[in-house]
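Since the structure comes first, as structure tokens, the remarks are kept for the end.
Remember, it's 1-based here, ligands and their atoms both numbered in the order they're listed. Source: prediction; values computed, not measured.
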Amino acid sequence: MTKRALIIGITGQDGSYLAELLAGKLYDVHGVIRRSSLFNTDRIDHMYCDPHSQNPGVRLHYGDLTDASTVRRVLEDVKPDEVYNLAAQSHVRVSFDMPEYTADVVAMGTLRIIEALRDHVIHSSRAVRYYQAGSSEMFGSAPPPQNEKTPFYPRSPYGVSKLAAHWFSINYREAYNLFICNGILFNHESPRRGETFVTRKVTRAVGRISQGLQDKLYLGNLSARRDWGYAADYVEAMWLMLQQDEPDDFVIATGETHSVGELVELAFAEAGLDWRRHVVIDQRYLRPTEVDNLCGDAAKATDQLGWRPRVTFPELITMMVAHDCKLAQSEQALSQAGFITPARGAAMAGGN
Ligand code: NAP
Ligand code: F7E
């Protein structure tokens with residue numbers, strides 16, 4: 001029987017990879033998108049199904065986690081077997097600028113979904129499985145290696161909000177016997193990563209500098225260490241969690257940590273560039289409280305889910321640099337034809 005999945009946050013990096021994974025497994029895939037004045041479906045356009053067509057493809061529904069009634073309505077309309085909540089104001093630095101909004105979407109938004117889910121399950125007697133996108137930011141300053149038993153110590157409004165969502169999810173699992181899994185995912189990246197996260201900011205700059213479209217890259221803290229994996233590997237773990245007999249929580253990570261400085265050096269070297277000639281430290285990218293060192297222990301996921309990361313850190317950076325060098329070549333062509341203004345380049349060099 002065809003399974004139906006609802007992905008909230010389908011237009012994001014992970015949403016797009018998860019939609020591909022589930023479509024490949026012949027799920028009927030539905031997604032929630034926000035209304036926006038510009039198209040925000042670039043990452044999923046290749047899977048979109050025009051409502052006038054009979055072809056199989058991803059079906060989209062308007063909704064927003066700040067609006068409980070639409071969340072409830074979409075759930076009732078779609079009647080999914082599996083719900084993946086990947087929606088968030090997901091930028092840690094921005095969460096210091098917009099703490100209330102971040103908490104509303106990330107913490108309260110999760111509560112709105114699982115409240116709707118609780119009612120839907122009672123009224124329809126349907127079995128629905130729910131995945132909650134938790135984050136290594138919940139560990140914050142807890143020393144590495146971090147696993148499911150590590151005490152949480154979040155260091156940003158984003159981290160605190162994700163932790164509230166994590167505990168709401170556990171409470172609803174225990175109180176109402178719902179099938180809810182929390183993934184605690186460490187940083188994962190790809191050529192589809194948002195351009196203001198540090199990996200993509202660096203690889204975009206490498207591409208643009210190699211084409212002469214940009215000279216400087218402004219960054220903050222180069223000492224912070226992260227456990228970076230490949231997003232397409234990580235969405236597989238989300239799906240695996242919902243296929244188990246019992247709901248549970250899992251850390252997903254590579255078990256390897258690198259500093260932002262190492263990332264910069266590797267990415268510039270990949271394109272034959274010397275990072276020292278281009279990188280400038282700008283205090284505006286420092287965070288009021290930083291997470292210094294994340295390195296995950298995913299032994300439980302390996303034992304119980306059979307999950308392992310496939311792409312290594314150097315392979316990931318090679319993939320992202322290659323993609324962004326090609327992208328910069330197209331930008332160069334468009335710029336020569338007069339289609340890209342210098343202001344766009346300035347925004348690229350300076351964003352978050
Ligand atoms: P992302 O690229 O920033 O995507 C976030 C998604 O949430 C987008 O589809 C966005 O829509 C949507 N969204 C934002 N605010 C919303 C709202 N108010 N209502 C409905 N949808 C909203 O994030 P990602 O990297 O794919 O991450 C997926 C999830 O995993 C997020 O919850 C993130 O916090 C969490 N996470 C990510 C990582 C990581 O390293 N990538 C690690 C741990 C946890 P628009 O496209 O319209 O903006
Ligand atoms: O920063 C440092 C920065 O913004 C990584 C989100 O997906 O992963 C992500 O959160 C590190 C930090 O990711 C710049 O200070 C230096 O130490 O790429 P990031 P993040 O904050 O780790 C977690 C797991 C999530 O859940 C989040 O949703 O890099 N850094 N200079 C910089 N970071 C940025 N963005 N920009 C800089 O210029």
Side-chain angles (χ1 to χ4, degrees), residues 7-18 31-36 38-44 62-67 70-71 74 84-95 101-102 104-106 108-110 112-113 131-140 154-156 158-159 161-162 165 182-190 192-202 205 217-231 234-235 238 252-253 258-261 263-264 279-282 284-287 289-294 296 349-352:
I7 305 175
I8 309 176
I10 195 168
T11 54
Q13 170 189 255
D14 291 6
S16 67
Y17 283 113
L18 181 64
V32 173
I33 61 162
R34 299 195 286 174
R35 196 271 157 184
S36 142
L38 289 171
F39 286 117
N40 58 358
T41 53
D42 281 14
R43 293 183 177 109
I44 52 166
Y62 279 115
D64 195 301
L65 288 196
T66 57
D67 178 356
T70 56
V71 171
V74 171
Y84 296 84
N85 174 23
L86 310 183
Q89 188 303 93
S90 70
H91 203 285
V92 173
R93 176 68 192 82
V94 172
S95 79
Y101 174 74
T102 302
D104 193 21
V105 175
V106 175
M108 290 302 295
T110 300
R112 290 180 187 112
I113 303 173
Y131 172 82
Q132 171 57 29
S135 165
S136 51
E137 284 295 301
M138 301 186 308
F139 292 124
R155 298 268 287 169
S156 64
Y158 170 81
S161 304
K162 278 288 180 190
N182 286 295
I184 308 175
L185 272 55
F186 283 60
N187 299 54
H188 45 278
E189 320 292 314
S190 73
R192 297 184 197 169
R193 184 60 145 150
E195 296 186 13
T196 59
F197 296 98
V198 77
T199 50
R200 191 79 201 288
K201 185 171 167 181
V202 169
L217 168 63
Y218 300 98
L219 291 175
N221 179 10
L222 301 189
S223 315
R225 302 184 71 83
R226 290 290 182 274
D227 177 334
W228 279 294
Y230 177 43
Y234 283 44
V235 298
M238 299 175 187
I252 302 297
H258 298 274
S259 69
V260 175
L263 153 74
V264 167
V279 172
V280 179
I281 301 302
D282 183 338
R284 86 178 66 193
Y285 302 118
L286 300 179
R287 295 159 185 199
T289 40
E290 176 63 284
V291 170
D292 295 322
N293 194 358
L294 291 174
N352 275 310

Worksheet item: What do you reckon, does Ser90 have a nitrogen or oxygen under 3.5 Å from a nitrogen or oxygen of ligand 2?
Response: yes
Worksheet item: For Val198 and ligand 2, does the shortest N/O to N/O distance drop below 3.5 Å?
Response: yes
Practice prompt. Could you pull out, from Arg193, Gln89, Met138, the option with a heavy atom nearest to atom 7 (O) of ligand 2?
Written response: Arg193
Worksheet, complete the sentence: Residue set satisfying side chain to side chain contact (heavy atoms under 4.5 Å, CB included) with Ser135, at least two apart, ordered chain then number -> Glu137, Tyr158, Lys162
Discussion item. Restricting to salt bridge (charged side-chain N to carboxylate O under 4.0 Å, His left out), what partner residues turn up for Arg93, sequence neighbours left out?
Written reply: Asp97
Worksheet item: How many angstroms lie between atom OG1 of Thr110 and atom CD1 of Ile8, to the nearest 0.5 angstrom?
Response: 9.0 Å
Worksheet item: Going by distance only, is there an N or O of Ser136 that falls short of 3.5 Å from an N or O of ligand 2?
Response: no
Worksheet item: At a 4.0 Å threshold, what atoms of ligand 2 neighbour a non-hydrogen atom of His91?
Response: 35 (N)
Fill in: Evaluation steps, side chain to side chain contact (heavy atoms under 4.5 Å, CB included), between Tyr131 and Asn85
CA-CA 6 Å; Tyr131 172 82; Asn85 174 23; over 6 Å; no
Worksheet entry | Nearest-option assignment for atom 33 (N) of ligand 2, heavy atoms, candidates Arg93, Arg226, Arg287 | Arg287
Worksheet entry | Option with minimal heavy-atom separation from atom 16 (C) of ligand 2, where the choices are Asp14, Thr199, Val291, Asn221 | Asn221
Discussion item. So is Arg200 touching ligand 2 or not, going by heavy atoms under 4.0 Å?
Written reply: no
Item to complete: Any chance you could measure Thr102, atom OG1, to Gln89, atom CD, to the nearest 0.5 Å?
Response: 4.0 Å
Discussion item. Quick check on contacts: which atoms of ligand 2 are under 4.0 angstrom from a heavy atom of Ala224?
Written reply: 17 (O)
Worksheet entry | Side-chain donor/acceptor of Arg193 to backbone N/O of Thr199, under 3.5 Å | no
Item to complete: Could you pull out all residues at least two apart from Ser223 that satisfy side chain to side chain contact (heavy atoms under 4.5 Å, CB included)?
Response: Asn221
Worksheet item: Any idea which part of Arg225 is under 4.0 Å from ligand 2, heavy-atom wise: side chain, backbone, both or neither?
Response: neither
Worksheet item: Atoms of ligand 2 less than 4.0 Å from Lys201 heavy atoms?
Response: 37 (C), 38 (O)
Fill in: Pair Glu189 + Lys201, salt bridge at N-O below 4.0 Å
no
Worksheet item: Any idea how Tyr17 and Tyr230 line up, ring-wise: parallel (<30°), tilted (30 to 60°), or perpendicular (>60°)?
Response: perpendicular
Worksheet item: Of all the atoms in ligand 2, which lie at a distance below 4.0 Å from a heavy atom belonging to Glu137?
Response: 22 (O), 23 (C)
Worksheet entry | Proximal ligand 2 atoms for Val92, defined as those under 4.0 Å from one of its heavy atoms | 10 (O), 21 (O)
Worksheet item: Which ligand 2 atoms, with their elements, are less than 4.0 angstrom from a heavy-atom of Ser135?
Response: 23 (C), 24 (C), 25 (C), 26 (O)
Item to complete: Would you mind running through ligand 2 and noting each atom that sits below 4.0 Å from a heavy atom of Glu290?
Response: 3 (C), 12 (C), 15 (O), 17 (O)
Worksheet item: Do you know which of Asp104, Val105, Thr70 makes side-chain contact (heavy atoms from CB on, under 4.5 Å) with Arg112?
Response: Asp104
Discussion item. For Leu286, which part has a heavy atom under 4.0 Å from ligand 2: side chain, backbone, both, or neither?
Written reply: neither
Worksheet item: Could you give the distance from CZ (Phe139) to CZ (Phe186), rounded to the nearest 0.5 Å?
Response: 5.0 Å
Item to complete: Return yes or no for this condition: an N or O of Trp228 is under 3.5 Å from an N or O of ligand 2.
Response: no
Item to complete: Report the member of Tyr158, Tyr218, Phe197 with the shortest heavy-atom distance to atom 25 (C) of ligand 2.
Response: Tyr158
Discussion item. At less than 4.0 angstrom from any atom of ligand 1, which residues have a non-hydrogen atom? List them by chain and residue number.
Written reply: Gly9, Thr11, Gly12, Gln13, Asp14, Arg34, Asn40, Asp64, Leu65, Leu86, Ala87, Ala88, Ser90, Tyr101, Val105, Ala133, Gly134, Ser135, Tyr158, Lys162, Leu185, Phe186, Asn187, His188, Arg193
Fill in: Proximal ligand 2 atoms for Val260, defined as those under 4.0 Å from one of its heavy atoms
2 (C), 11 (C), 29 (O)
